[in-house]
Chemist: 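Take a look at this one; I'll ask things after.
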Amino acid sequence: MCGIVGYVGREQATPIIMEGLRRLEYRGYDSAGIAVINGSAVHAVREVGKLKALRARLEKEAPRGTTGIGHTRWATHGVPSVANAHPHHDCTRSFMLVHNGIIENYAEIKDELLHKGHVFVSETDTEVVAHLIEAFYSGDLLEAMLSSMRQLRGAYALAVISSHEPDTIVAARCGSPLVLGFGDDFNLVASDASAVLSHTRRVVYLDDHQAARLRPNESAISDLGGNRLEPKIKEISLNLSDIEKGGHPHFMIKEIFEQPSLVSDVLARRISPATDEIRFSETRDAELGLETVKKIMIVSCGTAYHASMVGKYYLENLARVPVEVDIASEFRYRNPVVNEETLVIAISQSGETADTLAGVKEAHGRGSRVLSVINVEGSSIDRESDATLYVYAGPEIAVASTKAYTAQLLSLALFSLYLARKRGTIEPETYDEMIGELRSIPAKMQWILDNHETVRTCARKFSNAPNFLYLGRSYNYPNALEGALKLKELSYIHAEGCSAGEMKHGPIALVDSTFPVICLVPDGKVYEKMLSNIQELRARRAVIIAVATEGNEDIARHCEHVIHVPRVHELLSPLLTVIPLQLLAYHITINKGLDVDQPRNLAKSVTVE
Ligand code: F6R
């Protein structure tokens with residue numbers, strides 16, 4: 001949800017800011033802009049659309065100067081237009097500001113400022129902050145920012161520059177992520193560490209209600225009261241190769257193909273090779289009351305919500321704890337019954353999703369302990385939780401989540417087995433069997449990736465279908481939802497996911513001969529039930545594409561197309577059946593000539609509610 005970056009140093013700022021924006025473009029791509037101080041003037045360039053439009057403009061008029069800020073926008077207030085693109089400025093154009101988040105009380109601040117004679121040129125909430133800083137400025141940009149922060153409600157990460165203080169960037173945070181990067185003779189600020197990584201590994205994650213003044217050789221962090229704080233400097237462990245495409249045409253396909261090695265690495269990290277014991281050093285078991293917990297509530301959004309649904313099946317089946325799952329934006333407003341006896345699990349790839357973060361705060365407010373299942377270390381949800389279980393998927397840059405999903409499923413399976421062991425709800429033989437099955441997953445995932453010709457055939461055949469239906473039962477019901485989400489968010493084809501048992505309660509009315517139906521039918525307890533559903537669909541002339549277990553010859557008699565996945569314990573089958581669904585969405589999107597890494601209207605981390 002918007003990416004911001006700033007540089008102050010001795011080099012030309014424009015190329016450094018543009019490289020930072022390239023890393024942050026996954027956060028939004030409705031418009032982009034930069035502002036650079038040149039002597040006593042500030043030169044801003046803004047363009048509608050993806051970063052490449054701004055880049056083309058800059059080839060003709062790159063602002064010169066060594067202090068600057070940049071922004072890539074995901075529109076909240078105001079359509080994508082040049083007027084609404086950041087950086088925004090005050091009446092005198094001497095303050096330029098970029099923002100990620102939402103200023104909730106912008107309308108009342110704007111009214112006051114209009115009353116005092118300020119002139120506004122955009123429809124954004126952000127512009128009020130530039131005018132507030134103008135109003136408060138009396139020779140100290142940091143002071144003006146702190147005074148403005150005291151007026152603001154909502155979420156923000158801000159960076160401002162001013163022609164009054166040409167060698168300075170002031171940045172501030174409340175609810176939206178912000179990282180400072182420290183170098184020799186330069187400093188940076190950005191929405192995440194990937195944007196500073198090619199210049200420095202020394203970073204500080206700003207906390208809420210903190211502001212920082214950056215100059216080439218100086219950095220000062222202060223709290224809202226203006227008290228100076230000691231910076232807690234961290235080293236980034238990320239490598240540049242982790243955030244490049246590595247020879248693949250798109251991030252999404254790179255990330256899909258990373259899944260076997262990711263699973264291998266996580267298994268090696270989590271399961272002792274000597275004893276087969278699962279290790280979760282970070283869960284702080286006693287504090288969370290894992291052995292005695294009465295109820296678990298999982299909150300999350302989107303793909304992470306689908307992983308949570310699978311998690312419910314795992315935790316209930318293996319650890320025998322009652323589990324509720326809720327979409328974070330609903331959990332927050334429905335007066336949920338959670339208390340000191342409930343463990344709330346928040347699942348999020350980015351760790352920044354505003355609704356999930358709000359859910360964590362809500363849970364804390366009701367006395368629950370929170371365990372988060374997170375990919376991005378140091379993220380807001382990570383820091384807000386009592387304990388965090390990292391899924392170790394590595395940076396996920398494509399907007400559509402793939403490897404983070406399988407990493408979430410894997411961590412939930414491991415955690416459920418761990419909990420089952422602790423609570424004495426699993427037989428040793430079953431535990432051993434599951435460990436063996438888990439260890440077989442990487443090779444089976446690789447087999448699917450190496451043998452996905454049928455997926456390509458289906459993608460070619462059905463790229464122009466107007467609708468898709470995805471059906472699954474039990475462990476694979478959430479994957480039906482996930483498959484449909486992947487297809488619709490990338491290819492803009494209408495797709496619905498549904499529990500196969502629910503189909504005849506409504507969705508079957510949609511089906512006709514033009515309607516491809518993807519049925520997830522790996523071998524297992526619900527296989528026969530799925531076959532009955534397939535018959536019901538065939539009776540309505542639906543075109544069936546089955547995702548079934550390798551070696552099942554029977555299924556071909558009932559379907560037009562069969563995509564095979566290797567045999568695995570049915571509990572772990574979602575880790576395999578999701579891969580053809582990811583690949584299908586990828587190939588259909590490519591066939592349609594669409595941007596698979598940056599689908600329209602979306603952004604990777606949803607930092608507004
Ligand atoms: C879909 C997708 C989104 C995210 C959702 C939650 O492909 O990526 O649905 O899963 O926005 O994001 P996180 O996991 O970062 O909280």
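Atoms within each ligand, like the ligands themselves, are counted from 1 in listed order. Residue indices begin at 1 and follow the sequence shown. Just so it is clear, the model here is predicted, and its values are computed rather than measured.
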Chemist: Show the numbers, then the answer: is there a ring-ring contact (aromatic ring centres under 6.0 Å, His included) between F468 and H494?
Modeler: CA-CA 6 Å; F468 271 80; H494 167 243; 9.9 Å; no
Chemist: With a 4.0 angstrom cut-off on heavy atoms, strictly below it, pick out the residues next to ligand 1 and order them by chain and number.
Modeler: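 Correct list: C301, G302, T303, A304, S348, Q349, S350, T353, V399, A400, S401, L485, K486, E489, V606.
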Chemist: Parallel, tilted or perpendicular: which one describes the rings of F462 and H561, with boundaries at 30° and 60°?
Modeler: perpendicular
Chemist: In terms of ring plane angle, is the pair F257 and H248 parallel, tilted or perpendicular, where the classes change at 30° and 60°?
Modeler: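 Tilted, since the angle between the ring planes falls between 30° and 60°.
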Chemist: With side-chain contact (heavy atoms from CB on, under 4.5 Å) as the test, would you mind laying out the steps for L490 and Y586 before giving the verdict?
Modeler: CA-CA 7 Å; L490 294 173; Y586 174 81; 5.6 Å; no
Chemist: May I ask you to check if R73 and Y29 form a cation-pi contact, with NZ or CZ under 6.0 angstrom from the six-membered ring centre and within 45° of the axis?
Modeler: no
Chemist: Taking it one step at a time, do H452 and H587 satisfy ring-ring contact (aromatic ring centres under 6.0 Å, His included)?
Modeler: CA-CA 11 Å; H452 76 278; H587 287 296; 5.2 Å; yes
